[in-house]
Enquirer: 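Sharing a structure with you now.
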2 protein chains.
Amino acid sequence: MAPREDKKEIIIENAVAVFAEKGYYKATTAMVAKAAGVTQPYVFHFFKNKEELFKAVIDRAFGRIYDTFSEVQAPANKLMETMGRAFEQIVQTHRDEVLMVMQAHAIAEEGIREHVKNLFLTIFDSLTLKFENAGLPNAKQTASHFVGTGLLITVAEVLDLPQLTNKVDH
Amino acid sequence: MAPREDKKEIIIENAVAVFAEKGYYKATTAMVAKAAGVTQPYVFHFFKNKEELFKAVIDRAFGRIYDTFSEVQAPANKLMETMGRAFEQIVQTHRDEVLMVMQAHAIAEEGIREHVKNLFLTIFDSLTLKFENAGLPNAKQTASHFVGTGLLITVAEVLDLPQLTNKVDH
DNA sequence: TTTTATTTATTTATCAATAAATAAATGTCA
DNA sequence: TGACATTTATTTATTGATAAATAAATAAAA
């Protein structure tokens with residue numbers, strides 16, 4: 001038998017894919033279970049309820065984006081461009097997680113909305129700080145522009161509209 | 001008794017509010033009916049199903065944004081700023097509709113996604129054309145920046161994070 | 001009196017969540 | 001070492017709730 005933590009990990013990984021494709025409400029715990037190769041009630045052995053499962057998944061998605069941005073190192077005049085490329089990298093390698101981040105704010109569950117709000121703000125603040133530390137002027141406006149562009153790229157992904165991101169500048 | 005078209009109108013208006021607050025999946029047709037002052041099954045007299053009701057609502061929301069942008073007239077050097085103010089105006093006067101536009105892309109129903117995709121693209125293209133006609137260079141990039149900023153403003157509204165939009169430039 | 005407007009009553013379907021049961025693994029000590 | 005005991009992993013079966021959608025009935029107006 002697989003150790004407990006392994007199964008939990010497997011469930012989260014598969015839940016990312018299911019939630020990203022179906023969205024929070026159309027994704028059923030049965031689908032997640034099936035994808036992970038366990039039975040539906042067993043999911044509740046690891047997560048108190050569907051909402052907690054989703055939070056675990058969204059933590060992972062935001063965490064990867066946060067970590068990626070944190071690790072970027074570049075001279076001030078190349079920082080924006082390098083960060084932009086880093087984001088595009090994540091969009092390619094972990095598309096599902098990026099889609100989830102985009103969809104997360106549209107979930108009406110109060111607990112989830114609060115959670116997403118905090119995660120979103122954490123990323124925004126860390127970006128602002130990074131731009132500040134790099135000595136860029138108007139760090140906050142720069143962060144706004146950066147995040148706005150990221151949102152557009154993500155919406156274009158969600159709606160399958162590659163035209164929108166052909167010539168976005170960084 | 002109220003004429004048919006009036007009731008349909010009333011249902012749409014109330015559906016905007018309900019969908020904006022609850023989101024597509026948590027909003028029930030019973031809620032919409034109650035808000036509109038009719039019975040739940042009667043909603044189906046005007047709309048084939050919940051999806052068609054939602055499409056009618058989303059058409060209205062996108063339509064208002066589209067019309068607003070179309071009507072803006074300003075000299076090239078003030079166009080961006082004027083457009084930005086026009087959008088902020090809509091956010092204030094028709095907050096629910098703007099929230100709906102933001103949430104619409106996160107709906108997994110294929111029919112809705114396709115519908116939203118077309119509406120989104122229509123607005124983006126009309127913006128690009130407007131910037132082109134005004135003689136602005138890089139009309140497409142300008143439109144991207146404009147829409148990206150709009151998305152950020154809207155996400156900030158959805159998540160109730162006014163900090164994010166304090167100093168967004170236009 | 002025949003449409004039009006609208007309600008009440010019901011059906012069908014779907015899910016999250018719980019409870020109870022089973023099976024496999026691990027440890028203990030004679 | 002091998003039988004017994006205990007824990008850990010996992011499944012089957014079921015419930016309770018909710019919501020969309022349909023059909024039949026009623027009331028008002030033209």
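Per chain, numbering begins at 1; letters A, B, ... match sequence-line order.
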Enquirer: Can you tell me if the side-chain N/O atoms of B/Tyr42 get under 4.0 Å from OP1 or OP2 in C/dT6?
Expert: yes
Enquirer: Ignoring hydrogens and geometry, is there a side-chain-to-backbone donor-acceptor pair from B/Arg95 to B/Glu157 under 3.5 Å?
Expert: yes
Enquirer: At under 4.0 Å, does any side-chain N or O of B/Lys7 touch on OP1 or OP2 of C/dT6?
Expert: yes
Enquirer: Rounded to the nearest Å, what distance is computed from the NZ atom of residue A/Lys34 to the P atom of nucleotide D/dT11?
Expert: 14 Å
Enquirer: Under the criterion side-chain contact (heavy atoms from CB on, under 4.5 Å), which of B/Thr149, B/Val91, B/Ile153 is the partner of B/Thr165?
Expert: B/Ile153
Enquirer: Can I get a per-line list of side-chain donor-acceptor pairs under 3.5 Å for residues 99-112 of chain A, giving both atom names and the distance, sequence neighbours left out?
Expert:
| unit_1 | atom_1 | unit_2 | atom_2 | d |
| --- | --- | --- | --- | --- |
| A/His105 | ND1 | A/Met102 | O | 2.8 |
| A/Glu109 | OE1 | A/Tyr25 | OH | 2.4 |
| A/Glu109 | OE2 | B/Lys26 | NZ | 2.9 |

Enquirer: Would you kindly give the CG-to-C1' distance between A/Asp6 and D/dT8, to the nearest whole Å?
Expert: 14 Å
Enquirer: Provide a list of protein-nucleic acid N or O atom pairs under 3.5 angstrom, restricted to nucleotides 16-21 of chain C.
Expert:
| unit_1 | atom_1 | unit_2 | atom_2 | d |
| --- | --- | --- | --- | --- |
| C/dA16 | OP1 | A/Ala27 | O | 3.4 |
| C/dA16 | OP1 | A/Lys50 | NZ | 3.0 |
| C/dA16 | OP2 | A/Thr29 | N | 3.0 |
| C/dA16 | OP2 | A/Thr29 | OG1 | 3.1 |
| C/dA17 | OP2 | A/Lys50 | N | 2.9 |
| C/dA17 | N7 | A/Gln40 | NE2 | 2.9 |
| C/dA17 | N6 | A/Gln40 | OE1 | 3.1 |

Enquirer: Determine, for A/Glu114 against A/Lys55, whether the closest basic-nitrogen to carboxylate-oxygen distance falls under 4.0 angstrom.
Expert: no
Enquirer: What integer distance in Å separates A/Ile10:CD1 from D/dT10:C1'?
Expert: 14 Å
Enquirer: Tell me the interatomic distance from A/Lys26, atom NZ, to C/dA13, atom P, rounded to whole angstroms.
Expert: 16 Å
Enquirer: Counting only side-chain heavy atoms from C-beta out, which of C/dT6, D/dT10, C/dT7 sits nearest to B/Thr39?
Expert: C/dT7
Enquirer: Rounded to the nearest 0.5 Å, how far does CZ of B/Phe19 lie from NZ of B/Lys50?
Expert: 6.0 Å
Enquirer: Give every donor-acceptor pair under 3.5 Å between a side-chain atom in residues 68-80 of chain B and any protein atom, sequence neighbours left out.
Expert:
| unit_1 | atom_1 | unit_2 | atom_2 | d |
| --- | --- | --- | --- | --- |
| B/Thr68 | OG1 | B/Arg64 | O | 2.7 |
| B/Ser70 | OG | B/Tyr66 | O | 2.9 |

